[in-house]
Amino acid sequence: MGYHIVLRQNQDLENLRQEVQAKARPMPEFFLLQDKLDAHIHQPNVDATYRDNLTAIFEGNPSSWSLARKLAKELTQDDVVFCASEDMAIPLASMFLGKKNRPKIISLFYNVVRPRGLVSTKLFRIAQNIDLFLVITAYQGEFLQKYLNIPEERVQFLWHKVDLDFFTPGPMSKAKTSPLLASAGLETRDYRLVAAATQAMDVDVRICAASEHAKRLKRSFPAKIPENMLHQYYSMKDLIQLYRDADIVIVSTFESNQSAGSTSLIEAMACKRPVIVTKNKGIVNYLDPNAMHIVELGDVEGMKSAINDFLDHPDKATEYAERAYEIAKERHTVKDFVKTVSKQMLRLSHA
């Protein structure tokens, strides 16, 4: 039996491992999964054909299809494959339509409630060839089950994860003249709300405006950035320190079907910082009113009130941060995530 991991984008794995060992970045789940199962890692670095370019109209990109085509010639019923996202799982599953000697496929699905996702999941009949759908938002799981008419046991919810050996509580770097509010990420972020709520406050707002999986939206930032707001790139080490220096971490998003904001939320929780988060339906089951302030989408006055409450009541802020930290340790570790995925891959290998 062979175990395989299919990544969604090319990475320099050797350099990545060195950075992890040097504690310059968090541990990716696929390295832990590889070590646990002695799995092979595959990346979409195969030359694409004209056909790949055509099928990429429906899902993924040409390299996704070229890799799927290559793997379809190599994988058999004696293999179990974990796909890191639907843009790799859908091409791979489509290659085995009507074939009996196919591998078992388990995949993370981040967002199918979008035009291409709705079309490709039905067009390529992926329900026939994907054995287990993993989701990190309850909304996506419920939608997949109904839309593809698959039994409940083939959809599993997993809590989103971070490396809690990397994102940890720690001392502030220096004395501050004003309270520091921090935010991070680009995925459907609403920094206009943060700017509107804080522009008249005696606070500093610092935003890590970078993401591996999302592009900056024009509507995310106000046309004129307030003087007390700064957005820039932060390295992973600098991002941790930004969290630690923050009096409050704000996760502000627009409405979303997917897990927008969940990574930043959990990173802040892991660093034991007070968190204010806006309520979008993609992460609603991640929100705990006893561990964070929850604000309605676009609610400027609600955001102001939450910020002032934490700043005016530091004991309450500390209490909420402690609760959030315990939640992070209980359900959001990358090690627990890998434990669950590997368990399912082993189960499928004996099915």
Side-chain angles (χ1 to χ4, degrees), residues 1-48 52 56 60-75 78-89 91-92 103 105-108 110 134 136 158 160-168 184-187 208 210-215 233-242 263-264 266-267 270 332-346 349:
M1 180 61 67
Y3 298 99
H4 304 265
I5 301 166
V6 181
L7 304 185
R8 65 189 305 183
Q9 61 186 13
N10 291 316
Q11 302 184 62
D12 184 337
L13 299 183
E14 182 178 348
N15 182 65
L16 187 58
R17 273 198 183 272
Q18 291 175 355
E19 289 184 341
V20 170
Q21 292 170 356
K23 300 192 180 300
R25 63 181 303 125
M27 171 69 77
E29 72 278 4
F30 54 80
F31 277 155
L32 292 176
L33 193 59
Q34 179 188 35
D35 294 344
K36 193 173 187 68
L37 296 176
D38 192 24
H40 302 278
I41 292 180
H42 305 274
Q43 301 191 79
N45 55 5
V46 184
D47 291 337
D52 297 328
N61 54 59
S63 61
S64 306
W65 289 90
S66 60
L67 175 59
R69 207 167 20 85
K70 177 178 180 292
L71 292 176
K73 299 175 182 178
E74 302 172 357
L75 302 177
D78 294 324
D79 296 298
V80 179
V81 184
F82 168 72
C83 293
S85 70
E86 66 267 23
D87 52 8
M88 282 308 316
L92 183 60
I105 300 175
I106 174 174
S107 179
L108 278 167
Y110 289 100
L134 302 176
I136 59 173
L158 293 179
H160 197 19
K161 79 292 178 193
V162 299
D163 181 359
L164 267 71
D165 292 328
F166 186 81
F167 289 97
T168 61
L186 289 177
E187 190 175 38
C208 174
S211 172
E212 289 184 315
H213 306 300
K215 295 181 180 179
Y233 169 79
Y234 287 79
S235 69
M236 280 292 182
K237 281 189 173 182
D238 290 339
L239 175 60
I240 293 178
Q241 197 57 55
L242 177 64
T263 300
S264 297
I266 302 167
E267 288 171 354
H332 294 299
T333 71
V334 68
K335 293 177 181 178
D336 286 339
F337 182 92
V338 168
K339 181 179 179 180
T340 299
V341 173
S342 61
K343 180 179 179 180
Q344 291 292 2
M345 291 181 72
L346 288 168
S349 72

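In this text the structure is predicted, and so the values were computed from the model without any measurement. Because only heavy atoms are used, hydrogens play no part in the values below, and waters and symmetry mates are left out as well, while side chains stay in. All residue numbers in this chain count up from 1 along the given sequence.
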Is any side-chain heavy atom of Asp336 closer than 4.5 Å to a side-chain heavy atom of Lys161? no

Scanning both residues in full, the closest heavy-atom pair of Leu16 with Gln11 reads CD2-OE1, 3.5 Å

Minimal heavy-atom distance between Gln34 and Ile5, with the atoms involved, is N-CD1, 3.6 Å

Applying side chain to side chain contact (heavy atoms under 4.5 Å, CB included) to Thr168 and not counting sequence neighbours gives Arg244

So the salt bridge (Lys or Arg N to Asp or Glu O under 4.0 Å) pairs with at least one residue in residues 32-46 (sequence neighbours excluded) are Arg17-Asp35

Requested in this report: Kindly indicate whether the side chain of Asp52, heavy atoms from C-beta on, has any atom under 4.5 Å from the side chain of Asp47.
Outcome: no

Do Met27 and Phe166 pass the side-chain contact (heavy atoms from CB on, under 4.5 Å) test, and can you show the C-alpha distance, the side-chain angles, and the key distance before you say yes or no? CA-CA 8 Å; Met27 171 69 77; Phe166 186 81; over 6 Å; no

### Query
Is Tyr110 close to Arg8 at the side-chain level, that is, under 4.5 Å between some pair of heavy atoms?
yes

Lys339 meets the side chain to side chain contact (heavy atoms under 4.5 Å, CB included) criterion, sequence neighbours left out, with none

On a heavy-atom basis, the closest approach of Leu33 and Ala39 is O-CB, 4.5 Å

Here the pair of heavy atoms bringing Ala48 nearest to Pro62 is CB-CB, 3.6 Å

With sequence neighbours left out, the residues meeting side chain to side chain contact (heavy atoms under 4.5 Å, CB included) with Glu74 are Lys70, Leu71

Those residues at least two apart in sequence (or on a different chain) that pass side chain to side chain contact (heavy atoms under 4.5 Å, CB included) with Asp165 are Asp163, Lys335

Q.
Quick check: do Glu187 and Thr263 have side-chain heavy atoms less than 4.5 Å from each other?
A. no

Applied to residues 2-29, the ring pair (Phe, Tyr, Trp, His ring centres under 6.0 Å) test, sequence neighbours excluded, yields His4-His40, His4-His42

Minimal heavy-atom distance between Ala184 and Leu239, with the atoms involved, is CB-CD1, 4.0 Å

